[in-house]
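As the structure is a prediction and not an experimental result, all values here were calculated from the model.
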Amino acid sequence: MFAAIGVLLGAVSRWVLAALPRGCRIRPGPLEVTSALLFAVVAARAGSSWPEWWLPVPVALTAFAVPLTAVDLKHMRLPDALTMSATVAVGLAVGAAAVAVQSAWLMVSAAAGAVGFFLCHWCVHTLRPASLGAGDVKLSGGLGGVLGALGWASVLVGAALAAMTTAMLALAGRLSGRRAWRDGVPHGPGLLVSTWVMAVFPGERFGVGP
């Protein structure tokens, strides 16, 4: 069932990307297949590997991560409409998880992670605009909230994993001679992949207590 939902959301996100003023056209197939596979992984992890109240977070994250990654890889930009929608959706999902577990600490930890992650990326963008795009900064707040809800160790690991993913993309771009990346490498996919991995494979620690 989750895989079927993934196919549907992949098709919807492909239509949304084509309709956005600064979106892009993706051929049928890749978004649907990727979304279905990721949702299948989320379904397999739900309930057994982490508590059910956490489910809204990886679901919301997966729904937006696939189209955002696709457009950033293709055009090296993140549409504001999609980025802001993702931030709101992920924030609401984290809030729902905090209410379900009745943990004010989780909400505080998530808020602190969002602010800290955003400020770090904003500082890098301000000091070296060429190394980090404004879209990455806007995206970092919501993703930092997810990592913060998992605990501060997850924030640090997520940042390191994002940097490693971007470095791997840079290497792949050089080897393939990708012209679109000659002026830099998109960091959005690294942020999204690292946060998704941490959210779906969080271990046992959540920000539910001091």
Side-chain angles (χ1 to χ4, degrees), residues 1-17 20 23 26 29-73 78-79 81-103 106-107 109-111 113-114 117 138-151 154-155 157-158 161-162 165 188-208:
M1 179 179 177
F2 265 65
I5 292 174
V7 172
L8 177 60
L9 288 177
V12 170
S13 64
R14 181 166 54 80
W15 177 83
V16 169
L17 282 177
L20 288 175
I26 307 290
L31 293 186
E32 289 87 344
V33 172
T34 303
S35 185
L37 289 174
L38 294 183
F39 268 99
V41 173
V42 170
R45 300 282 296 172
S48 59
S49 302
W50 30 262
E52 292 183 356
W53 52 262
W54 183 246
L55 180 61
V57 179
V59 166
L61 189 58
T62 304
F64 284 94
V66 174
L68 281 168
T69 297
V71 70
D72 206 14
L73 286 175
L78 296 165
L82 207 55
T83 302
M84 295 298 101
S85 298
T87 299
V88 172
V90 171
L92 290 175
V94 172
V99 170
V101 78
Q102 296 184 346
S103 173
L106 187 147
M107 204 63 219
S109 182
F117 215 52
K138 297 171 187 175
L139 183 64
S140 65
L143 301 185
V146 175
L147 297 172
L150 295 169
S154 296
V155 177
V157 173
L161 184 57
T165 303
L191 288 170
L192 291 160
V193 167
S194 64
T195 306
W196 187 87
V197 169
M198 298 300 294
V200 179
F201 301 90
E204 298 179 355
R205 177 63 177 168
F206 289 85
V208 295

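Of the residues listed (Val157, Thr195, Leu191), the one engaging Leu147 in a side chain to side chain contact (heavy atoms under 4.5 Å, CB included) is Thr195, and it is the only one.
One finds the CD atom of Glu32 at 11.5 Å from the CG atom of Leu37 (value rounded to the nearest 0.5 Å). Rounding to the nearest 0.5 angstrom, the gap separating the CG atom in Leu78 from the NZ atom in Lys138 is 9.5 Å. To the nearest 0.5 Å, atom OG1 of residue Thr69 and atom CZ of residue Phe64 are 13.0 Å apart. Annotation: the span from Trp53 atom CH2 to Leu55 atom CG amounts to 11.5 Å, rounded to 0.5 Å.
Residues Pro202 and Arg45 are in side-chain contact: their nearest non-hydrogen atoms beyond the backbone lie under 4.5 Å apart. By the 4.5 Å heavy-atom criterion applied to side chains, Ile26 and Val71 are not counted as neighbours. By the 4.5 Å heavy-atom criterion applied to side chains, Pro67 and Val16 are not counted as neighbours. Counting heavy atoms from C-beta on, the side chains of Val101 and Pro51 never come closer than 4.5 Å.
Pairing each heavy atom of Leu73 with each of Pro189, the nearest pair is CD2-CG, 3.7 Å. Looking at every heavy atom in both residues, Met198 comes nearest to Gly158 through CG-CA, 4.3 Å. Residues Leu31 and Ser13 come closest through the heavy atom pair CD1-OG, 3.8 Å. Closest of all the heavy-atom pairs between Val7 and Ala36 is CG2-CB, 3.6 Å. Shortest non-hydrogen contact noted between Met107 and Ala98 is SD-CB, 3.9 Å. Of all heavy-atom pairs between Ala199 and Val146, the closest is CB-CG1, 4.0 Å.
Side-chain atoms of Gln102 do not come within 3.5 Å of backbone N or O of Val99 as any donor-acceptor pair. Looking at Thr165, its side chain never comes within 3.5 Å of a backbone N or O of Gly190 through a donor-acceptor pair. A donor-acceptor pair is defined here as one N or O able to donate and one able to accept, closer than 3.5 Å; such a pair exists between the side chain of Ser109 and the backbone of Gly148. The closest donor-acceptor contact from the side chain of Trp50 to the backbone of Val200 lies under 3.5 Å.
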TODO: Go through Leu161 and Val193 one step at a time and tell me if the side chain to side chain contact (heavy atoms under 4.5 Å, CB included) criterion holds.
DONE: CA-CA 8 Å; Leu161 184 57; Val193 167; 5.7 Å; no
Between side-chain atoms of residues 85-93 and protein atoms elsewhere (two or more places apart, or another chain), which donor-acceptor pairs fall under 3.5 Å?
from: Ser85; atom 1: OG; to: Ala81; atom 2: O; distance (Å): 2.6
from: Thr87; atom 1: OG1; to: Thr83; atom 2: O; distance (Å): 3.0

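Evaluation of the side chain to side chain contact (heavy atoms under 4.5 Å, CB included) rule for Thr62 yields Leu38, Phe39, Val42, Trp196 as partners, not counting sequence neighbours. The ring pair (Phe, Tyr, Trp, His ring centres under 6.0 Å) search around Phe117 returns His121, not counting sequence neighbours.
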